[in-house]
Enquirer: 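Okay, handing you the structure first.
Below, read A as the first sequence line, B as the second, and so on, with proteins coming before strands; counting in each chain starts at 1.
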Protein chains: 2
Amino acid sequence: MTAADWQSELRSRGYRLTPQRQLVLDAVRELGHGTPDEIAGAVRAKAPSVNLSTVYRTLDVLQDVGLITHTHLGHGAPTYHPADESDHVHLVCTACDDIIAVPAEAVDQLVGSLRDLNGFEVDVTHMAMHGRCAGCAGSDESAATDEQERQ
Amino acid sequence: MTAADWQSELRSRGYRLTPQRQLVLDAVRELGHGTPDEIAGAVRAKAPSVNLSTVYRTLDVLQDVGLITHTHLGHGAPTYHPADESDHVHLVCTACDDIIAVPAEAVDQLVGSLRDLNGFEVDVTHMAMHGRCAGCAGSDESAATDEQERQ
DNA sequence: TTTTGTGCAAAGAGTTTGCAGGTTG
DNA sequence: CAACCTGCAAACTCTTTGCACAAAA
């Protein structure tokens, strides 16, 4: 998407073009993915005066316009990323906290069957799926289960 | 599970039996599912002096012992429920906030294919799946997409 | 020049933690 | 009576909001 594109995207929805909005969008694209806090950090590297609350408000605007989206990996802050990024599902290992991205096609069957059975249109990218990765599922079951996990 | 069962479950793990732990477990079973706050409310109906932080600590203990588990429906507080409850996946509609429970068997194929492809053992009950329910997916697409959703 | 956006500070939800005193085994 | 648990208050993370001023159209 070119600069003109996102600018007109904002304008057509009644939003104004501000340097802060450009900076936040740039930061999300630079980082690829990041929490509001990380994004604010990247923005502040260029413009130290930009406030955190502005970052939050701007993320909402950019999301409303459809330029970015967010995913919940767990209990913490969500991660924002450009909306045009290839769709993928996040698998979070509750034992080692590793995050694995798998192409959305891997869960096409699931999406299809939920649509057929319940008419429910799942957005698999919005919430991560939790479980145990290959390494942790194979190794000592009980030890890993004992770990603190508030996710 | 009988009273003796959960008592020995706690004891065998080195935990002590306290009235607070009994009350919290009872509350979770009574409610079927509830947030820490709701559970605290139910507990306080019987014992007003029980502190919220005790409820949090107790939920951790009961979960560690395997008597209860929790599910994340979205951005807010998690919901705790008895561990022996029949497994189901939660579908959360981002348009109308409706929550639909579907049997875990409905996603068996997904679990199987992720295990085969990545060796990843998904716990489908831990995180809800977001999307649009039959009613909302069918009706006015754009209007619903405009809604505020921070989940 | 009207409307929208920003910075700041304060407040809000949800959760954790240090500590002194109380309870369990 | 030793180890553990609880209540309380404070702190912490993440996010939202009211308001006065600044900037965009």
Enquirer: Look only at the side chain of B/R21 and the backbone of B/R16, and say whether a donor-acceptor pair between them is shorter than 3.5 Å.
Expert: yes

Enquirer: When the nearest nucleotide of DNA chain C is assigned to B/A77 and to B/L17 on a heavy-atom basis, which residue is associated with the more 5' position?
Expert: B/A77

Enquirer: Check this one for me: any side-chain N or O of B/R21 less than 4.0 Å away from OP1 or OP2 of D/dC5?
Expert: yes

Enquirer: Check the distance between C/dG22's P and B/Q20's CD and give it to me in whole angstrom.
Expert: 14 Å

Enquirer: Nearest whole Å is fine: how far is D/dA10 P from B/N51 CG?
Expert: 13 Å

Enquirer: Starting at atom CZ of B/R11, determine the distance to atom P of C/dT23, rounded to an integer number of angstrom.
Expert: 18 Å

Enquirer: Check whether any side-chain N or O of B/Y56 sits under 4.0 Å from OP1 or OP2 of C/dT15, and answer yes or no.
Expert: yes

Enquirer: Between atom CZ in A/R57 and atom P in C/dG7, what is the gap in whole Å?
Expert: 8 Å

Enquirer: Would you sort out whether A/H126 and A/H70 count as a side-chain contact (heavy atoms from CB on, under 4.5 Å), showing the intermediate values?
Expert: CA-CA 7 Å; A/H126 189 73; A/H70 71 269; 3.3 Å; yes

Enquirer: Contact between B/L110 and A/M129 at the side-chain level, heavy atoms closer than 4.5 Å - yes or no?
Expert: yes

Enquirer: Spell out, as yes or no, whether a donor-acceptor pair under 3.5 Å connects the side chain of B/R132 to the backbone of B/T94.
Expert: no

Enquirer: Starting at the 5' end of DNA chain C and moving along, which residue's nearest nucleotide shows up first, B/G76 or B/S53?
Expert: B/G76

Enquirer: Within this structure, what is the CG-to-C1' distance between B/L10 and D/dC5, rounded to whole angstrom?
Expert: 13 Å

Enquirer: Rounded to whole angstroms, how far apart are CZ on B/R13 and P on C/dG25?
Expert: 17 Å

Enquirer: Can you measure A/R16 atom CZ to D/dA25 atom C1' for me and round it to whole angstrom units?
Expert: 6 Å

Enquirer: Please give, in whole Å, the distance from C/dG12 P to A/L52 CG?
Expert: 19 Å

Enquirer: So, is B/T18 close to the C/dT24 phosphate, meaning a side-chain N or O under 4.0 Å from OP1 or OP2?
Expert: no

